[in-house]
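To start, the structure itself, in structure tokens.
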Amino acid sequence: MRKILFLSLLAIAAVTLVGCKDKCEPQLKGRNLVVYGKIFTAENNAIVDAFAVENGKFVYVGDIAGAKKYEKRGFTIVDYSDKGLVIPGCTEGHGHFVGIDAIARMLPGFREPYKNLISSVIPQKMKDNPGPFISFGWNTPDVEKIGTNDYATEIENVSNGHPAIMMDSGGHSAVCNRTALKNAGLIDEDGHKIKDVRGGEVITIQGSDNIASGFLTDEAVMYVLEQSFGAPLDNAGYLQACQYAVKELNKRGFTSYMDAYINAFDDALTYQYLAQMDKAGTLTANVMGYYTIRSYDWGLPKGGTMPQRVIDKLARVQELSNQYTKGHLQANGVKLFADGVVETYTGWISEEYTKPGLPEDKKHGNIIWEQSEVNAIVAQANAKGMPVHVHTFGDLACNQIINAFCASPSTSSLKIRNSLAHVRNISDADITRCGQNNIGIASNLIWHAGDPDSIREYLYSIMPKQVYEDGYPMKKLLNAGIMVSSSTDAPCGESILGTVPNIIGVTVTGLAPDCLDAKPLGPNDLLTVSEALQCLTINGAASLGLESERGSIKVGKYADFVVLDQDILTLEKTDKKAIFNTHVSNTWFEGKQVYPL
């Protein structure tokens with residue numbers, strides 16, 4: 001009798017533990033669940049009161065009465081009725097958590113000002129562990145692009161003959177020493193520039209005899225990194241970087257993720273460690289990587305027959321896909337850059353930039369590829385089942401890439417659709433073509449984050465007003481039937497704007513959380529909360545080819561879901577700005593709670 005009584009008390013205690021909420025939820029991982037609350041399913045914007053999860057998948061979605069039978073079967077009850085809103089797992093549609101940021105954080109001098117790198121970080125590195133030096137994250141104002149400073153020599157003097165490069169926080173500019181330039185074949189023994197890199201510049205010192213200053217832009221940055229440096233981390237460092245990135249994804253409400261530059265620092269070595277995590281059961285997000293092919297891979301002369309270097313890189317993507325596309329990993333994406341950024345007057349636009357002093361050949365921005373070149377790459381990639389994702393800011397860049405997508409014979413057979421990223425400016429005709437040809441778009445309305453008045457004043461100074469006003473037409477894209485996913489183009493530790501609630505806040509209000517009294521940017525293209533959720537959930541899953549198994553709360557799909565501590569659907573009606581005060585309370589992946597742990 002005592003034994004029976006003791007076991008009964010244990011059972012009561014167990015029920016009590018399951019009934020408690022915040023403190024006990026980490027113990028619920030991996031159980032069959034009945035979940036109650038206000039639940040946005042992303043299936044025609046339907047709201048339900050309950051769902052059940054068995055073996056990592058939704059087996060019931062509906063009302064409370066229908067869920068009771070799962071309670072009787074012993075499913076664990078998780079009651080979020082007093083929370084804000086339960087939504088499907090979200091997708092970061094174009095980010096840099098794995099390929100850039102997580103690795104960069106492991107490198108010496110991360111986000112240190114240039115002067116600190118020169119005075120202390122590099123000398124200390126050469127003392128403690130002599131060898132090549134790579135750093136990431138200085139802000140552009142720290143270093144002048146104009147060729148008045150000899151950065152190449154200044155860095156050379158503290159790097160003991162080892163190649164050294166320091167990239168800015170966006171990865172589009174860098175400064176490096178003479179050894180790095182020489183190893184890349186860009187200068188001679190005396191520092192004279194021998195050649196530029198297609199798609200980028202090796203800036204020379206003003207008034208010199210063509211002496212390289214060490215300042216690099218765009219494609220030249222990655223060319224030097226690729227030619228002069230090896231893998232920046234050891235095995236333990238890579239694994240730690242990947243673990244950090246996935247943890248941050250879950251913390252911010254993401255259960256799927258597209259890495260837009262998986263080979264930024266190396267030949268996509270992160271796949272190896274993500275696969276290791278997946279095998280161990282610790283990869284708690286779906287990850288798809290895109291391997292970048294640069295215009296310098298095609299080289300000069302422009303046009304003509306596809307060179308062997310590009311053929312080899314396409315073959316490398318196929319090899320990586322064969323090895324790593326399994327489980328929660330996809331490794332078959334190809335990435336291109338079609339232009340620069342409109343905000344820095346390098347995006348390729350049909351109107352002329354109004355910034356004073358621009359040379360004639362720069363008044364429309366940067367033209368990186370020939371039409372025949374992108375046509376060939378897209379066609380060959382698609383023929384091998386590889387989707388192509390392209391950085392496009394200006395309307396002419398969008399037009400060029402849409403032409404290539406429409407010309408590709410294999411587009412319709414792709415599991416994952418071809419897609420554009422960013423799309424600041426695009427013509428109405430090309431919007432129509434995207435809708436008609438199943439071309440996806442990863443939009444960045446979150447780029448509006450910041451002081452709208454300052455942004456507006458700056459943009460008016462460099463571009464025609466209409467070009468500015470028509471930027472990031474997210475609403476128009478959705479209305480055209482385009483599969484629009486939401487993205488940040490940001491690293492995982494960038495700012496609070498990388499969380500799911502704040503992405504929704506920006507796309508709904510056109511404001512940033514620290515500028516809530518400003519005039520919204522792009523008021524005609526702001527979304528409703530339901531539309532913003534659609535872009536993050538079902539559309540995000542579709543951008544990875546996963547819409548049949550993830551992205552909505554539906555019977556048969558994997559049980560990825562996120563709990564927000566406020567009901568943002570109600571806040572839309574009462575106080576949109578309060579959405580920015582919403583936080584991710586819980587993230588679940590395939591029926592297991594992965595945040596908090």
Side-chain angles (χ1 to χ4, degrees), residues 96-145 149-187 189 191 202-203 212-217 220-245 261 263-270 272-273 491-494:
H96 297 288
F97 284 36
V98 178
I100 294 180
D101 186 68
I103 294 173
R105 288 172 177 276
M106 303 290 293
L107 300 176
F110 178 67
R111 292 196 177 165
E112 287 280 352
Y114 173 77
K115 63 180 181 180
N116 291 0
L117 294 169
I118 293 297
S119 64
S120 60
V121 177
I122 298 178
Q124 190 64 47
K125 162 69 166 60
M126 296 304 153
K127 179 180 178 181
D128 296 341
N129 185 23
F133 179 88
I134 304 175
S135 185
F136 186 92
W138 53 262
N139 290 317
T140 302
D142 292 340
V143 176
E144 292 291 341
K145 175 181 176 180
N149 297 317
D150 188 355
Y151 298 110
T153 300
E154 187 174 24
I155 302 169
E156 188 73 30
N157 290 339
V158 295
S159 52
N160 295 354
H162 298 289
I165 188 169
M166 293 155 278
M167 287 168 281
D168 70 5
S169 57
H172 291 284
S173 300
V175 287
C176 67
N177 66 355
R178 285 194 173 193
T179 298
L181 291 170
K182 182 180 176 184
N183 290 352
L186 299 178
I187 64 171
E189 291 287 343
V202 179
I203 305 296
S213 70
F215 195 104
L216 308 170
T217 69
V221 176
M222 293 305 166
Y223 183 82
V224 171
L225 192 66
E226 184 177 311
Q227 297 296 314
S228 300
F229 297 87
L233 301 177
D234 59 16
N235 292 343
Y238 271 104
L239 181 58
Q240 185 179 346
C242 290
Q243 290 169 336
Y244 166 80
Y261 201 162
N263 59 318
F265 282 107
D266 47 59
D267 191 30
L269 291 177
T270 47
Q272 175 183 338
Y273 302 94
C492 46
E494 183 64 30

So which heavy atom on Asp101 is nearest to which on Arg105, and how close? OD2-NE, 2.7 Å
Measure across Phe265 and Ile103 and return the closest heavy-atom pair with its distance rounded to 0.1 Å. CD1-CG2, 3.8 Å
Nearest 0.5 Å, please: how far is CE in Met106 from CG in Asp234? 7.5 Å
Side-chain contact, heavy-atom cut-off 4.5 Å: Met166 with Ile122? yes
Hey, mind stepping through Phe110 and Val121 against side chain to side chain contact (heavy atoms under 4.5 Å, CB included) and telling me if it holds? CA-CA 10 Å; Phe110 178 67; Val121 177; over 6 Å; no
So, using side-chain hydrogen bond (donor to acceptor under 3.5 Å, both in side chains) as the criterion, who are the partners of Gln124 when residues are at least two apart? Asp128
Is the side chain of Ser213 donor-acceptor paired with the backbone N or O of Ile203 at a distance under 3.5 Å, no angle test? yes
Check: Pro108 main-chain N/O paired with Ser135 side-chain donor or acceptor under 3.5 Å: yes
What is the minimum heavy-atom distance between Tyr223 and Ala184, and which atoms define it? CE2-O, 3.4 Å
State the CG-CG distance between Leu269 and Asn235, to the nearest 0.5 angstrom. 9.0 Å
Checking Lys182 side chain against Gly191 main chain: does a donor-acceptor pair fall under 3.5 Å? no
For Thr179 and Glu156: C-alpha separation, side-chain torsions, deciding distance, then whether side chain to side chain contact (heavy atoms under 4.5 Å, CB included) applies. CA-CA 7 Å; Thr179 298; Glu156 188 73 30; 2.7 Å; yes
How about Ile134 and Met167: do any of their side-chain heavy atoms sit closer than 4.5 Å? yes
Among all residues two or more places apart in sequence or in another chain, which pass the side-chain hydrogen bond (donor to acceptor under 3.5 Å, both in side chains) test with Asn263? none
Any side-chain heavy atom of Leu216 within less than 4.5 Å of one from Val175? no
For the pair Ile155 and Tyr114, evaluate side chain to side chain contact (heavy atoms under 4.5 Å, CB included) and give the outcome as yes or no after the intermediate values. CA-CA 10 Å; Ile155 302 169; Tyr114 173 77; 3.8 Å; yes
Can you list the residues that meet the side-chain contact (heavy atoms from CB on, under 4.5 Å) rule with Asn157, with sequence neighbours excluded? Thr153
Atom CG in Leu107, atom CZ in Phe136: separation rounded to 0.5 Å? 9.5 Å
Run the ring-ring contact (aromatic ring centres under 6.0 Å, His included) test against Tyr273 and tell me which residues pass, sequence neighbours left out. Tyr238
Non-hydrogen atoms of Pro163 and Asn177 that approach each other most closely: CA-OD1, 3.7 Å
Interatomic distance, CG@Asp150 vs CZ@Arg178, rounded to 0.5 Å, equals 6.0 Å
Pairing residues for Asn116 by the side-chain hydrogen bond (donor to acceptor under 3.5 Å, both in side chains) criterion, not counting sequence neighbours: Glu112
Would you say Ile118 and Glu154 make side-chain contact, with heavy atoms under 4.5 Å? yes
Checking Met126 against Val158 for the side chain to side chain contact (heavy atoms under 4.5 Å, CB included) test, could you report, in this order, the C-alpha distance in whole Å, the side-chain angles of both residues, the deciding distance, and whether it holds? CA-CA 8 Å; Met126 296 304 153; Val158 295; over 6 Å; no
Nearest 0.5 Å please: distance from the CD atom of Gln227 over to the CG atom of Leu181. 12.0 Å
What residues, two or more places apart in sequence or in another chain, satisfy side-chain hydrogen bond (donor to acceptor under 3.5 Å, both in side chains) together with Glu226? Tyr296, Arg309, Lys313
List the atom of Met222, the atom of Ala264, and the distance in Å for their closest heavy-atom pair. SD-O, 3.8 Å
What closest approach, in Å, do Ala180 and Ala164 show between heavy atoms, and which atom pair accounts for it? CB-O, 4.0 Å
Just so I know, are the side chains of Val224 and Phe229 near enough to count as touching, which here means a heavy-atom distance under 4.5 Å? yes
How long is the span from the SG atom in Cys176 to the CG atom in Leu186, to the nearest 0.5 Å? 8.0 Å
